[in-house]
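Okay, so here's the structure we're looking at.
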Amino acid sequence: FFQMIRRPPRSTQSRSSAASDVYKRQDRALRKLKRDSARECRVALFRVEDLSDRKMRFKVDMNARQLALNGFCLICDKATGLNFPNLVVVEGGPKAVKFYKKLMLRRIKWDQQEKNSQSN
């Protein structure tokens, strides 16, 4: 009976090992991206018509952070009357820039923000 009390339940052990596996996987992916960017650095420039939607800015920013990309976002205020485009410039390894390019060009639905702003 006392052995059962001293022994931790298997569910607790499996939860802690699963959590450590997630951290190990994330760490390994980040190491690969940094190693890739140490070999070669690529730059990508994206022209975005409208970045006024906070949700879109968040997606652009968080994905760049997750891919260990450096860069900046130039947001031009439309209220000034000047019709300058918004620019997103990122630099990093070839794999990260390739993935980010697919994200910006295919996965983010830029027309969704127009629908959201028209419904409000």
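In this chain, residues are counted from 1 in sequence order. Predicted model only: the values in this text are computed from it and were never measured.
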Exercise. Would you call K32 and D36 a salt bridge, taking side-chain N to carboxylate O under 4.0 Å as the test?
Worked result: no
Exercise. Should the pair R25-D21 be classified as a salt bridge under the 4.0 Å nitrogen-to-oxygen rule?
Worked result: no
Once rounded to the nearest 0.5 Å, what's the spacing between atom [atom1] of [X] and atom [atom2] of [Y]?
| X | Y | atom1 | atom2 | result |
| --- | --- | --- | --- | --- |
| L67 | M62 | CG | CE | 10.5 Å |
| D61 | R54 | CG | CZ | 12.5 Å |
| R47 | L74 | CZ | CG | 12.5 Å |

Exercise. Should N63 and K59 be marked as a side-chain contact (heavy atoms from CB on, under 4.5 Å) after you check the CA-CA gap, both sets of side-chain angles, and the distance that decides it?
Worked result: CA-CA 6 Å; N63 282 289; K59 285 181 183 181; 4.3 Å; yes
Can you tell if the side chain of [X] reaches within under 4.5 Å of the side chain of [Y], non-hydrogen atoms only?
| X | Y | value |
| --- | --- | --- |
| V60 | Y100 | yes |
| N86 | C73 | no |
| V48 | M104 | yes |
| V88 | L51 | yes |

For this session: Would you kindly confirm whether L87 and F72 end up in one hydrophobic cluster when ILVMFWY residues are joined by side chain heavy atoms under 4.5 Å apart?
Result: yes
For this session: Using the rule that two of Ile, Leu, Val, Met, Phe, Trp, Tyr join whenever any of their side-chain heavy atoms come within less than 4.5 Å, decide whether I75 and W110 are in one cluster.
Result: yes
Problem set entry | Pairs satisfying salt bridge (charged side-chain N to carboxylate O under 4.0 Å, His left out), at least one member in residues 83-101, at least two apart | none
If you look at every heavy atom in [X] and [Y], which pair is closest and at what distance?
| X | Y | result |
| --- | --- | --- |
| G92 | L69 | CA-CD2, 3.7 Å |
| K109 | M56 | O-CE, 3.4 Å |
| C76 | P85 | SG-O, 3.6 Å |
| G93 | S37 | N-CB, 3.4 Å |

Problem set entry | Residues D27, R31; criterion salt bridge (charged side-chain N to carboxylate O under 4.0 Å, His left out); working and verdict | CA-CA 6 Å; D27 186 43; R31 263 197 330 263; 2.9 Å; yes
